[in-house]
Amino acid sequence: MKKLFKSIIVSLIIVSLFSFLPFYNECRSINDQVLRIHILADSDSEYDQSLKLKVRDAILEFTNGLYSCVTSKEQAVKITNEHIDEIINTAENTLRANGCSKNVSAEVLDMNFNTRFYENITMPSGNYTALRVTIGSGNGKNWWCVMYPNLCLYSSSDAKTLEDELSTEQYEVITDTPRYQFKFKILEYFDYFCNLLS
């Protein structure tokens with residue numbers, strides 16, 4: 001009886017894993033197609049948090065013009081790296097205009113994100129390429145968004161959106177949250193354990 005029970009459990013686990021693989025692959029292909037932005041405030045004070053949002057607005061307005069003719073994540077990353085000093089200057093000028101003398105650093109890097117919700121979009125957990133902007137010590141709460149394809153506040157009519165860039169299946173994964181809620185949680189745990197092993 002014990003052998004039968006173990007066999008049933010193992011079979012269920014294998015079937016579950018195989019049914020999860022298409023969802024996993026869709027999520028990983030989404031990771032490979034987007035450039036995110038991650039802004040860290042200097043602290044959690046109301047003042048520093050409001051500065052973070054002002055910096056966000058200035059950077060998004062600046063990069064909106066940069067990405068208007070971009071057609072791939074690789075192009076977006078290249079253009080971002082080419083204009084990183086201007087992005088830093090934009091952020092620091094915004095701080096100075098608001099009476100803050102803190103420095104800003106910025107870099108494009110691969111970083112891990114948990115599952116994140118943005119209005120009607122759910123971005124699956126995983127490793128993404130992101131522009132990380134750090135204000136001062138960067139010890140405050142962060143703000144994130146998808147810069148390419150455009151999901152953020154500023155959008156030119158030429159800018160590609162997630163719906164333009166992703167396949168129908170990928171777009172369904174990020175917009176049909178209730179249907180995939182449990183799978184998003186499994187994916188997050190899977191990523192967590194993979195990170196522990198690496």
Side-chain angles (χ1 to χ4, degrees), residues 27-28 30-67 70 73-119 121-155 159 162 174 184-185 187-198:
C27 290
R28 288 302 159 254
I30 292 167
N31 294 21
D32 293 337
Q33 289 182 257
V34 302
L35 171 64
R36 295 174 74 153
I37 181 170
H38 184 240
I39 303 177
L40 294 160
D42 184 51
S43 77
D44 285 338
S45 74
E46 189 175 326
Y47 174 69
D48 284 339
Q49 288 297 311
S50 71
L51 284 177
K52 173 189 73 179
L53 298 180
K54 290 180 191 312
V55 165
R56 169 201 69 185
D57 292 348
I59 289 174
L60 293 178
E61 188 171 19
F62 174 73
T63 56
N64 181 53
L66 296 179
Y67 300 150
V70 168
K73 171 193 157 185
E74 289 72 26
Q75 277 185 318
V77 169
K78 183 176 184 290
I79 287 172
T80 302
N81 277 318
E82 288 170 354
H83 294 274
I84 202 85
D85 289 337
E86 293 163 84
I87 291 169
I88 291 169
N89 287 339
T90 297
E92 289 185 340
N93 289 340
T94 302
L95 292 178
R96 302 300 173 264
N98 287 276
C100 176
S101 60
K102 299 265 188 320
N103 290 327
V104 173
S105 63
E107 60 183 326
V108 176
L109 71 165
D110 289 334
M111 56 186 297
N112 205 16
F113 285 87
N114 291 331
T115 302
R116 299 288 177 102
F117 305 95
Y118 188 85
E119 295 177 0
I121 300 288
T122 303
M123 293 303 294
S125 66
N127 203 330
Y128 289 85
T129 304
L131 168 65
R132 183 169 61 191
V133 179
T134 305
I135 302 170
S137 66
N139 289 325
K141 290 184 182 128
N142 66 69
W143 181 88
W144 73 272
C145 192
V146 176
M147 293 180 76
Y148 178 85
N150 197 317
L151 177 62
C152 300
L153 304 175
Y154 292 93
S155 175
L162 282 168
I174 65 170
F184 281 128
K185 197 43 87 176
L187 181 66
E188 206 166 292
Y189 286 128
F190 182 78
D191 286 337
Y192 174 77
F193 286 117
C194 285
N195 287 331
L196 283 179
L197 296 174
S198 61

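Because the structure is predicted, anything quoted here is derived from the model rather than measured.
One distance of note links CD1 of I39 with CG of L53; it measures 8.5 Å at 0.5 Å rounding. From T94, atom OG1 reaches atom CZ of R56 across 12.0 Å, with rounding to the nearest 0.5 Å. Rounded to the nearest 0.5 angstrom, L95 CG and S101 OG are separated by 9.0 Å. Here the NE2 atom belonging to H38 is positioned 3.5 Å from the CG atom belonging to N142, to the nearest 0.5 angstrom. In this structure, I37 CD1 and L131 CG are separated by 5.0 Å, a value rounded to the nearest 0.5 Å.
For the pair N93 (side chain) and N89 (backbone), a donor-acceptor distance under 3.5 Å is present. The main-chain N or O of V104 is found under 3.5 Å from a side-chain atom of E92 such that the two form a donor-acceptor pair. Not one N or O on the side chain of T63 forms a donor-acceptor pair closer than 3.5 Å with the backbone of L66. At distances below 3.5 Å, at least one donor-acceptor pair connects side-chain atoms of R96 with backbone N or O atoms of C100.
A side-chain N or O of K52 and one of Q49 form a donor-acceptor pair less than 3.5 Å apart. Under the 3.5 Å distance criterion, with hydrogens and angles disregarded, no donor-acceptor pair is assigned to the side chains of S125 and N114. Between the side chains of Y67 and T80, at least one donor N or O sits under 3.5 Å from an acceptor N or O.
Taking all atoms of both residues into account, the shortest heavy-atom contact from L40 to G140 is CD2-O, 4.1 Å. In terms of heavy atoms, V70 sits closest to A76 at CG1-N, 3.6 Å. Shortest non-hydrogen contact noted between C145 and W143 is CB-CH2, 3.2 Å. Between L35 and K73, the closest heavy-atom pair is N-CG, 4.4 Å. When every heavy atom of I87 is checked against every heavy atom of F62, the shortest pair comes out as CG1-CE2, 3.8 Å. Across all non-hydrogen atoms, the minimal contact from K102 to G136 is CD-CA, 4.0 Å.
For E46, the CD atom counts as loosely surrounded, since its 6.0 Å shell holds 12 or fewer non-hydrogen atoms of other residues, nucleotides or ligands.
A search for side chain to side chain contact (heavy atoms under 4.5 Å, CB included) contacts involving S137 returns D42, N139, not counting sequence neighbours. When the salt bridge (Lys or Arg N to Asp or Glu O under 4.0 Å) test is applied to R132, the partners found at least two apart in sequence or on another chain are E107.
Within the 4.5 Å cutoff, the side chain of D48 has no heavy atoms near those of the I135 side chain. A 4.5 Å side-chain heavy-atom check between Y128 and M123 finds at least one atom pair inside the cut-off.
Contact check on E74 versus K78 returns no salt bridge, with no Lys/Arg side-chain nitrogen under 4.0 Å from an Asp/Glu carboxylate oxygen.
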Test side chain to side chain contact (heavy atoms under 4.5 Å, CB included) on R36 and V34; report intermediate values, then the result.
CA-CA 6 Å; R36 295 174 74 153; V34 302; 4.3 Å; yes
